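Beneath this line is the structure, given in structure tokens, with notes to follow.
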2 protein chains.
Amino acid sequence: MSRLAAAPTVHDVAQLAGVSAGTVSKALNGRGQLREETRKRVQVAAEQLGFRANRLAKGLIEGRTYTVGVLTSDSFGRFTMPLMNGIEDSLGAGSVSTLLCDSRGDPLRERHYLAELLGRRVDGIFVTGRRADPRPSLGPLPVPVVYAMSRSEDPLDLSIVYDDVQGAGLATSHLLAVGRKRIAYVSGPARHLSTRLRQEGTERTLLAAGLSLPPARVLLGEWSESWGRSAAHLLLGSAERVDGIVCGSDQIARGVADELREAGVDVPGEVSLVGFDNWDVMVEASRPQLTTVEPNLKKLGQLAANRLLHAIDGGELGSGLVLLPCDLVLRQSSMPSGP
Amino acid sequence: MSRLAAAPTVHDVAQLAGVSAGTVSKALNGRGQLREETRKRVQVAAEQLGFRANRLAKGLIEGRTYTVGVLTSDSFGRFTMPLMNGIEDSLGAGSVSTLLCDSRGDPLRERHYLAELLGRRVDGIFVTGRRADPRPSLGPLPVPVVYAMSRSEDPLDLSIVYDDVQGAGLATSHLLAVGRKRIAYVSGPARHLSTRLRQEGTERTLLAAGLSLPPARVLLGEWSESWGRSAAHLLLGSAERVDGIVCGSDQIARGVADELREAGVDVPGEVSLVGFDNWDVMVEASRPQLTTVEPNLKKLGQLAANRLLHAIDGGELGSGLVLLPCDLVLRQSSMPSGP
DNA sequence: GTAACACCGGAAATCGATTTCCTGATTTTC
DNA sequence: GAAAATCAGGAAATCGATTTCCGGTGTTAC
């Protein structure tokens with residue numbers, strides 16, 4: 001790759017066009033009163049030199065940088081990706097760029113990155129992470145902060161998350177709707193908030209329908225296929241047969257599906273299965289393909305970005321916890337009568 | 001979240017400390033000759049106001065921003081993640097931040113982001129993407145560019161990629177080493193460079209061992225488990241039985257493993273299997289767990305970042321294609337005599 | 001023919017941090 | 001005690017783009 005000379009400045013353009021630096025700025029930004037001929041001449045000169053206004057200088061004057069920071073604790077994992085996409089959707093329109101910082105769960109590193117972002121005078125900050133559990137607040141900052149797919153411990157912060165309870169409720173309602181009555185819940189570690197919330201959603205929905213979720217039908221372990229297989233094995237071994245399973249993740253659901261199939265249990269004929277996350281790789285490779293809860297992370301990102309942009313433009317940011325509803329995506333694993 | 005007042009400047013600190021702005025700068029940066037008492041006084045004042053130097057102003061003077069851009073065509077997918085981690089490892093030390101831009105494979109969007117990055121006067125740019133196939137060069141730019149995990153069509157650009165041929169060679173050698181002789185290659189679409197390179201690596205290694213890779217043992221389809229299952233089914237139906245399979249991805253390998261197991265073929269007893277990518281989710285959930293090729297993406301990111309930093313500091317960037325060797329990770333799927 | 005006015009475009013200030021230059025003040029040296 | 005050297009810190013220029021203010025030219029009106 002050949003290197004070009006240093007980037008040209010307004011002065012270079014001014015010289016070439018035979019005008020002053022101020023005039024260049026006016027010509028290129030459609031401000032001031034200039035003859036059409038002059039404007040054209042400047043534009044041609046700018047084009048010729050490949051001139052591009054230095055955003056730093058602009059930012060210094062304007063007092064804003066059109067840059068936001070994203071602080072994540074999740075090495076850009078699978079959940080952060082769709083979120084980032086949503087954020088970019090909303091920011092891109094205003095040509096706001098994102099500085100990505102991955103603290104990898106280390107509070108020290110996070111503080112360092114925060115200082116870095118503030119030094120760069122970002123217009124706002126997103127905080128996100130892999131875990132849904134409440135995290136310490138960054139505290140009061142000179143710029144607006146939105147916690148997306150992540151909750152701040154401080155209720156004065158604005159946290160936007162998807163609704164685990166409602167999502168699990170959707171899954172459960174669906175199982176009830178296809179005629180299932182003895183529902184089990186197989187999920188991740190009990191210490192994870194997501195696990196508990198999704199259990200709550202499942203349980204509440206069952207209670208509302210006059211059914212229950214007895215402890216024997218709650219199996220908590222890890223977020224892995226291997227645990228899904230073990231849990232399914234346990235369920236098969238118990239006296240009472242279940243006919244529907246709400247899984248805490250698609251990975252778990254797939255493990256359950258594999259184990260049931262290999263044990264000769266028909267899914268969805270005998271047992272209906274619902275996953276959580278709508279992770280394409282799992283959902284599509286599973287046999288049968290998984291009905292699952294879609295957490296709408298992209299939409300969450302868009303919403304978070306819109307709220308942040310609004311606050312950057314001087315609007316009210318708001319505070320508290322905002323819950324975004326999940327959707328249900330229907331596939332074969334849950335529907336005994338076919339999709 | 002409560003909002004703090006606008007960020008304090010050197011002048012605010014200067015006023016509080018009863019000195020001039022220039023003195024504040026000197027005191028905080030350890031430059032100039034100041035009495036220790038004065039230096040201390042300024043530091044206290046800065047601390048009190050929570051002063052943090054505006055990087056924009058600094059960048060304007062220094063002529064560099066300590067910011068690099070990452071242009072990706074891969075919505076921050078699974079391959080970009082470990083790469084980014086490696087990049088951050090190397091950049092973090094120099095407190096260089098990354099502006100992440102996702103063109104989503106759209107050339108128009110890419111041009112827009114490139115203009116944005118140049119306007120922000122980034123010190124350098126990484127270009128990366130999901131596909132290994134050669135991509136158009138960004139052309140000569142005022143800043144150094146490294147194509148990482150992605151090849152530029154222009155040999156004057158510096159492209160750093162992992163070595164598909166060598167990686168597949170490793171896999172094949174390993175199969176030979178455990179006594180396999182009739183090797184098949186199951187992989188993704190033929191139009192993908194990766195598919196062809198990995199085939200080449202497999203074939204070359206076989207030829208070097210006096211064996212061959214007949215067309216009947218090359219099955220190209222998609223990068224999915226489902227294709228892996230289909231391909232395994234095809235292999236089972238053919239007259240001649242294979243005893244080793246090099247798979248173009250872990251997803252494919254897992255599909256193959258599932259199909260073989262369900263057909264009653266013992267893996268690794270009768271057939272040895274090697275995947276590619278070392279994608280934890282696939283590798284660990286597979287039964288048996290997959291021996292696979294590790295493309296060392298994190299290391300690739302570190303190397304790319306070091307090369308870029310060196311060029312930013314005025315060193316030579318270099319050009320051409322740099323191939324980074326892959327490693328082999330041994331697990332059960334390939335070893336008939338146990339690991 | 002002169003006053004009033006619109007019209008162009010340049011000079012200079014601005015943003016915030018840094019750095020060079022320079023001026024007093026203090027100390028050292030013979 | 002005078003000259004020289006050292007020290008401390010302020011004033012101003014600098015980076016690049018923008019914007020305000022203002023002066024000069026050309027045009028219109030009476």
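Numbers restart at 1 for each chain; the letters A, B, ... are given by sequence-line order, proteins then strands. Predicted model, so just to flag it, every value in this text is computed and none were measured.
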Item to check | 4.5 Å side-chain heavy-atom contact, B/Ile160 and B/Met149 | outcome: no
Item to check | Bending between helix ends of the helix from C/dG1-D/dC30 to C/dC30-D/dG1 [5 pairs per end, 10° resolution] | outcome: 60°
Checklist entry - Can we say B/Glu88 and A/Arg109 salt-bridge, meaning some charged N sits less than 4.0 Å from an Asp/Glu carboxylate O? => result no
Checklist entry - A/Arg55 and A/Ser97: side-chain donor and acceptor closer than 3.5 Å? => result no
Checklist entry - Using 4.0 Å as the upper bound for N to carboxylate O, is an ion pair formed by B/Arg135 and B/Asp157? => result no
Next on the checklist: Using a 4.0 Å cut-off to any heavy atom of chain B, which nucleotides of DNA chain C are the first and last in contact, reading 5' to 3'?
Outcome noted: C/dG16 to C/dT20
Checklist entry - Do any N or O atoms from the side chain of A/Asn54 and from the backbone of A/Thr9 form a donor-acceptor pair under 3.5 angstrom? => result no
Checklist entry - Quick one: are A/Leu193 and A/Pro134 in side-chain contact, heavy atoms under 4.5 Å? => result yes
Checklist entry - Near DNA chain C, which residues from residues 21-34 of chain A have a heavy atom under 4.0 Å away? => result A/Thr23, A/Lys26, A/Gln33, A/Leu34
Next on the checklist: Check this for me, if you would: do A/Arg64 and A/Asp313 make a salt bridge, where the nitrogen-to-carboxylate-oxygen distance has to be below 4.0 angstrom?
Outcome noted: yes
Checklist entry - Under the criterion salt bridge (charged side-chain N to carboxylate O under 4.0 Å, His left out), which of A/Arg41, A/Lys40, A/Arg39 is the partner of A/Glu37? => result A/Arg41
Checklist entry - Considering heavy-atom distances to DNA chain D, does B/Thr38 or B/Arg121 have its closest nucleotide positioned more toward the 5' end? => result B/Thr38
Next on the checklist: Tell me if the CD atom of A/Gln15 is crowded by more than 12 foreign heavy atoms within 6.0 Å.
Outcome noted: no
Checklist entry - With a cut-off of 6.0 Å (strictly less than), are more than 12 heavy atoms of other residues, nucleotides or ligands near CZ of A/Arg104? => result yes
